[in-house]
Amino acid sequence: MTVERTGCGLPRAADAGETMTIFGWVDRRRDHGGLIFLDLRDHTGILQVVINPQTAAAAHQAAHAVRLEYVLRVRGQLRTRDPHNVNPRRDTGEVEMYADECQVLSIARTPPFPINEDTEVEEALRLRHRYLDLRRPRLQRNLRSRARFISHLRSVMGEMGFTEIETPMMIRATPEGARDYLVPSRLQPGSFYALPQSPQLYKQLCMVAGLDRYFQIARCMRDEDLRADRQPEFTQLDIEMSFVDEEDVFAVLERAISSAWSASGFRGTIVTPFPRLTWHQAMDRYGVDKPDVRFGMELRDLTDAVRGSSFRVFADAVAGGGVVKGIAVPGGADLSRSDIEGRLTEVVRTFRARGLAYLWHRQDGWQGGIAKFFSEAELAAIGEIAGAAVGDAVLMVADRPPVVAASLGALRNQLARERAMADPEKMAMIWVTEFPMFERDQETGEVTPLHHPFTMLHADDVDLLESEPLRIRSRAYDIVLNGRELGSGSIRITDPAIQERVFAVMGIDAQTAEGKFGFLLEAFQYGVPPHGGFAAGIERLVMEGLGEENIRDVLAFPKNQQAQEPMTGAPAPVDVAQLAELGLTVSPTPPATQT
RNA sequence: GGCCCCGUGGUGUAGCCUGGCCUAACACGCCACCCUGUCAAGGUGGAGAUCGUCGGUUCGAAUCCGAUCGGGGUCGCCA
């Protein structure tokens, strides 16, 4: 635009005396009638401009009409401020520009929400004017930190000998897993590409190709419902490695994340190696497969302690094959009956628990509606096992094991939030290993892989394939940070015989497997190295690194909960002609969605 | 698909439970004027919302009820 341009945030006292030109947006304007002060903002920061009507009459006249968010070019001399005029809260606070020229490059309507501060604004309005939201300090910071983090990841991966490879965005639809986004083919009417849910198969083929160590900052698309940490398109650090086992994969991820983390200035410190929990340990102790281990309050099994009690709810549950578990809430004796029976019971009800039992451990003994059903010995045992001290409360759920785990796990997280039990500066990164290979689909009753069908089984469990598939442990693992799943991976199956048996358990016969994954199985016949890998969600990492609660705030152009982008209006209907070219027609009324 | 929360000038909130004193309040922003050292500038004055929408209850509705729309969170879903 011009030969010389100085960033607004860059000038320092040492630059005083220089004449320079700055470009930027008006962040604030203070008109004293005579002097006008303008704070000019660009991506580097903010510089105060002083416009004096006596020394720069034309500039002053121009500045008189200037409003917030006008785009200006200002030329003038940089001067140091008198000591009593220094603004210590700003990097450029020791200097200011004395304007000679002030040129309005673009006027601006009054913005729909404040740009120069981070006030809470309704999500719909922010998304509709995303370019203005992105102009605000918080999102500027977030996007820059995200970029730095990715940049560091790239260089660490390079240092470790990984090759960055781009895999196709238009691929064959995979029947497994999340719903695909489809792309109709013009040249093959009636046929569709799918957008990748992940580059899974391609990266495994890269291993067959002898690339040895693959990585990609990969865009992934999944047509599923959105959450605070889930968008339909997102980015993963995707990794695959040949001739490795879990330890090699863990070491790579630990180094990549921890070094990029600190280099990016993210909050807290990542300590390596990450502690490990098996899936069973996580479920037993925390009730969830992604435990937040920054605080205790672990689930304790009270089944034996209450088996013989006269409290029918517990006794019946145990007799019916259920379990009774509880958590000791530190200082929980201050929880009121209405706290527990209202808000907290609501939490466990969400997970289909029928109720929440509670006992207060007070100075004068055990209290609470159900205390009378237990003997002194039983109460003592409950307190002992739960680890409840005087002043605590024990909250208990009796039900089928999955219901108990899920409801108490959620309750534990809820209480930790309410009572600020987790150190916000602590970064509790852990590996959760030995996930089950299969789970039973609640609707169809089919056995489906928890991770994906190419996940290798635990060596000791292979014999259970046909007899008790649901008990098989896999060689799949997750990284969990502060209770949030950051990503997952596995060692893959490379033995065709085992792969065939896994498909069989899933009800996929050889012919079907050939049709769906034939290319992979064929590739494996030409010499496949043992391999494994991982995929880590970039947005979730950045969220934790910046302390953001919502994935939209670490993405430039996110979608709303309806997967729409209010700014551009995507998705939108298309011309009939465009459809015709693709051999498509749209039903006038959408067919009833299958549930 | 279920459940929960929110919806009041441009922005953020108060008022709503306990209907009338609301001719809807406050802060910021906006407009005009005054003001030569402010930096969340200051002063004076002003414009701006019939309370998401529709319907109902009532003598009377921002306030109560129902429906609906929009936003968010969550369960299901996310190999």
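Below, read A as the first sequence line, B as the second, and so on, with proteins coming before strands; counting in each chain starts at 1.
Judged by distance alone, the side chains of A/Arg492 and A/Ser490 do bring a donor and an acceptor atom under 3.5 Å apart. Side-chain contact, A/His43 with A/Gln140: no donor N or O sits under 3.5 Å from an acceptor N or O. Of the N and O atoms on the side chains of A/Thr433 and A/Glu246, not one donor lies less than 3.5 Å from an acceptor on the other residue. A donor-acceptor pair shorter than 3.5 Å can be found between the side chains of A/Gln197 and A/Asp180.
Ionic pairing of A/Asp39 and A/Arg28 is not present here: no N-O contact between side-chain nitrogen and carboxylate oxygen is shorter than 4.0 angstrom. A salt bridge between A/Arg141 and A/Glu548 is present, with a side-chain N of the basic residue lying under 4.0 Å from a carboxylate O of the acidic one.
For the pair A/Arg30 and B/A41, the criterion of a side-chain N or O lying under 4.0 Å from OP1 or OP2 is met. A sub-4.0 Å separation between OP1 or OP2 of B/G70 and a side-chain N or O of A/Gln564 is absent. At least one side-chain nitrogen or oxygen of A/Arg67 sits closer than 4.0 Å to the OP1 or OP2 atom of B/C31.
The distance from atom CG of A/Asn413 to atom C1' of B/C75 is 15 Å, rounded to the nearest whole Å. Atom-to-atom, CZ of A/Arg28 to C1' of B/C30 comes out at 15 Å; the value is rounded to the nearest Å. The nearest whole Å value for the distance from the CG atom in A/Leu125 to the P atom in B/U8 is 11 Å. The CG-P distance, from A/Asp478 to B/C78, rounds to 15 Å in whole Å. What separates CG of A/Asn116 from C1' of B/C30 is a distance of 14 Å, to the nearest Å. Computed from coordinates, the A/Leu450 CG to B/C77 P distance equals 12 Å when rounded to whole Å. Look at CG on A/Asp27: it is 14 Å from C1' on B/U38, rounded to the nearest Å. Atoms CD (A/Gln414) and C1' (B/C5) sit 13 Å apart, rounded to a whole Å.
As judged by a 4.0 angstrom heavy-atom cut-off over every strand, A/Glu346 is placed among residues making no nucleic acid contact. Within 4.0 Å (heavy atoms only), A/Gln200 reaches at least one base atom of the nucleic acid. At the heavy-atom level, A/Gln197 lies nowhere under 4.0 Å from the strands shown. A/Phe351 comes within contact range of the sugar-phosphate backbone alone, with a heavy-atom separation under 4.0 Å but no base atom that close. Contact annotation for A/Gln561: base contact, defined as any heavy-atom pair under 4.0 Å involving a base atom. Across all strands, A/Thr455 comes closer than 4.0 Å to no nucleic acid atom at all (heavy-atom distances). A/Asp31 comes within 4.0 angstrom of a nucleotide base, judged by non-hydrogen atoms across all strands.
Comparing B/U11, B/A40, B/G12 against the side chain of A/Glu122 picks out B/G12 as the nearest. For A/Gln48, taking side-chain heavy atoms from C-beta onward, the closest of the listed nucleotides B/C78, B/C39, B/G29 is B/C39. Distances were taken from every side-chain heavy atom of A/Arg89 (C-beta onward) to each of B/C77, B/A40, B/U11; the shortest belongs to B/A40. Of the candidate nucleotides B/C78, B/C39, B/U11, B/U11 has the atom nearest to the side chain of A/Phe113. Closest contact between the side chain of A/Asn52 and the listed nucleotides B/A32, B/U36, B/U11 involves B/U36. Taking every side-chain heavy atom of A/Thr350 into account, B/U74 is the closest of B/U74, B/C78, B/U38. Checking B/U11, B/G72, B/A41 against every side-chain atom of A/Pro114, the shortest atom distance belongs to B/U11. With distances taken from any side-chain atom of A/Asn560 to the nucleotides B/G72, B/C30, B/C31, the minimum falls on B/G72. Nearest to the side-chain atoms of A/Arg552 among the listed nucleotides B/U38, B/A40, B/G73 stands B/G73.
Side-chain N or O atoms of A/Thr92 include none that pairs as donor or acceptor with a backbone N or O of A/Gly9 at under 3.5 Å. Side chain of A/Thr512 to main chain of A/Ile508: no donor-acceptor pair is present (N/O by atom type, distance under 3.5 Å, no hydrogens or angles). At least one donor-acceptor pair under 3.5 Å links the side chain of A/Ser336 to the backbone N or O of A/Asp339. Put simply, the side chain of A/Arg136 gets close to the backbone of A/Thr119: a donor and an acceptor are under 3.5 Å apart. In this structure a side-chain-to-backbone donor-acceptor pair under 3.5 Å is present from A/Glu565 to A/Thr568.
Comparing A/Arg81 and A/His64 by the nucleotide of RNA chain B whose heavy atom lies nearest to each, the residue mapping closer to the 5' end is A/His64.
Rounded to a whole angstrom, the distance from the P atom of B/A14 to that of B/C5 is 16 Å. With both ends at atom C1', the span from B/U50 to B/C16 equals 16 Å, rounded to whole Å. When the C1' atom is compared between B/U68 and B/C77, the two are found 26 Å apart, to the nearest whole Å. Comparing B/A62 with B/C22, their P atoms sit 13 Å apart, to the nearest whole Å. Nucleotides B/G66 and B/C3, compared at atom P, are 13 Å apart to the nearest Å. Taking atom C1' on both nucleotides, B/C17 is separated from B/C33 by 45 Å, rounded to a whole Å. Only the C1' atoms considered, B/C26 is 16 Å distant from B/C51, to the nearest whole Å. With both ends at atom C1', the span from B/A61 to B/C39 equals 47 Å, rounded to whole Å.
Evaluation of the side chain to side chain contact (heavy atoms under 4.5 Å, CB included) rule for A/Ala108 yields A/Glu69, A/Tyr70 as partners, not counting sequence neighbours.
Shown for residues 32-41 of chain A: residues whose heavy atoms fall under 4.0 angstrom of RNA chain B, namely A/His32, A/Gly33, A/Gly34, A/Leu35, A/Phe37, A/Asp39. Annotation: proximity of residues 225-232 of chain A to RNA chain B (heavy atom, distance under 4.0 Å) is found for A/Asp225, A/Arg227, A/Ala228, A/Arg230, numbered in ascending order.
Across all strands shown, B/A62 has no partner, as no Watson-Crick or G-U wobble contact with both distances under 3.5 Å is found. In this structure, B/C26 and B/G12 make a Watson-Crick or G-U wobble pair, each of the two defining distances being under 3.5 angstrom. Partner assigned to B/G7 is B/C69, using Watson-Crick or G-U wobble distances below 3.5 angstrom.
The side-chain heavy atoms of A/Asn413 and A/Asp292, taken from C-beta on, include a pair separated by under 4.5 Å.
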